[in-house]
Protein chains: 2
Amino acid sequence: MNIGEAARASGVSAKMIRYYEETGLIRPAARTAAGYRTYGERDAHELRFIRRARDLGFPVAEIAELLALWRDRSRKSADVKRLAAERAAEFRRKIAALEAMAKTLEHLAACCAGDDRPDCPILEELTGGNAGGAAASPDARAQ
Amino acid sequence: MNIGEAARASGVSAKMIRYYEETGLIRPAARTAAGYRTYGERDAHELRFIRRARDLGFPVAEIAELLALWRDRSRKSADVKRLAAERAAEFRRKIAALEAMAKTLEHLAACCAGDDRPDCPILEELTGGNAGGAAASPDARAQ
DNA sequence: CTTGACCTTGCCATTGTGGGAAGCCCCATC
DNA sequence: GATGGGGCTTCCCACAATGGCAAGGTCAAG
């Protein structure tokens with residue numbers, strides 16, 4: 001399998017496959033005489049695994065842990081469970097922060113006349129007041 | 001006010017103040033003969049505004065819009081309201097995606113025995129199955 | 001043999017933030 | 001007046017993860 005085929009088979013872009021190789025997430029692929037990377041079914045499988053884990057929001061660093069556990073036939077399921085639970089908890093925290101921000105913004109939007117006049121409670125809040133009490137903590141900025 | 005004082009007064013780090021200046025979000029500060037940036041109360045105010053908007057999750061590009069509206073005495077409150085509503089809607093979308101991911105992970109964790117044995121439904125799901133039907137769309141990766 | 005699709009590497013950009021180095025400046029204290 | 005510490009300046013590097021582009025080599029079909 002070429003890198004392009006592996007990309008189509010796994011849903012990971014060729015660019016990302018090279019990146020994952022470069023950063024050590026996956027092992028360097030075998031090469032043809034001409035220098036082309038070649039992949040087998042097992043590699044495609046691993047890439048698909050990575051893709052799914054990314055879709056579930058695992059950061060690459062954690063996927064490395066998951067991959068190690070995956071490769072280790074004698075792993076303890078508890079280790080995997082812990083990672084999944086931690087990730088889920090982190091999502092819950094993020095969700096709560098985003099929820100607070102959304103509520104604040106919706107509150108501000110609701111208070112705003114939304115007409116042609118210049119007075120706008122949104123800007124007034126932003127200017128100096130406490131932003132609705134729902135403003136997130138300093139490090140909770142999303143995006 | 002020095003840049004350090006302005007930073008303390010606004011909650012925006014000196015580093016970020018320079019960055020905002022460099023990228024045109026704020027106007028270049030006046031300088032002393034020695035090249036030190038100086039800030040007035042108005043500048044600190046503006047920085048505080050930026051800080052709050054960041055805390056509410058506005059990307060910098062949008063803060064530029066908000067700032068322009070803020071500076072414009074004849075703005076229409078509707079314009080501001082629209083921005084707030086759009087941002088809130090975006091948060092709602094993000095929340096939904098994260099919610100789906102959290103649910104999937106919690107489901108997987110719940111199915112996992114979490115003991116010393118190697119069989120783990122989490123890894124099996126990641127390997128090939130449909131990841132719980134709650135997996136987010138390709139571009140919904142958080143973080 | 002040509003052509004087009006594919007591969008290679010390498011560099012740049014993104015977003016927002018932090019870290020650090022090298023060098024200059026200001027103020028207080030001795 | 002000298003000296004020291006802390007603050008300021010600029011510039012470069014780094015992160016995470018991804019996309020894009022360019023120059024050049026390669027493969028396979030016509």
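Each chain gets a letter, A, B and so on, in the order the sequences are listed, and its residues count up from 1.
Using a 4.0 Å heavy-atom distance criterion, A/S13 is classed as a sugar-phosphate-only contact. Using a 4.0 Å heavy-atom cutoff across all strands shown, A/R18 reaches at least one base atom of the nucleic acid.
Taking for each of A/Y20 and A/Y36 the nucleotide of DNA chain D with the nearest heavy atom, the 5'-most of the two is the partner of A/Y20. Where A/Y19 and A/T32 each meet DNA chain D at their nearest nucleotide, the meeting point lying more 5' is that of A/Y19.
Look at CZ on A/R31: it is 17 Å from P on D/dG25, rounded to the nearest Å. Distance B/I17 CD1 to C/dG18 C1': 15 Å, rounded to the nearest Å. Nucleotide D/dC8 holds its C1' atom 13 Å from the CD atom of B/E21, rounded to whole Å. Regarding A/F58, its CZ atom lies at a distance of 17 Å from the C1' atom of D/dA17, rounded to whole Å.
Not a single donor-acceptor pair, N or O on each side, falls under 3.5 Å between the base of C/dG16 and the side chain of B/K15.
No single ILVMFWY cluster, assembled from side-chain heavy atoms under 4.5 Å apart, contains both B/L47 and B/Y36.
With hydrogens and angles ignored, the 3.5 Å screen pairs no side-chain donor or acceptor of B/R37 with any backbone N or O of B/A29.
Put simply, A/R37 has no side-chain N or O that comes within less than 4.0 Å of OP1 or OP2 on C/dC6.
For the pair A/M16/A/Y19, a side-chain contact is recorded, criterion being any heavy-atom separation below 4.5 Å from C-beta on.
Here the nucleotide nearest the side chain of B/I3, chosen from C/dT8, C/dG19, D/dT9, is D/dT9. Which of D/dC27, C/dG18, C/dC7 sits closest to the side chain of A/N2 comes down to C/dC7.
Of the options A/R93, A/E99, A/K94, a side-chain contact (heavy atoms from CB on, under 4.5 Å) to B/L98 is made by A/K94 and by none of the others.
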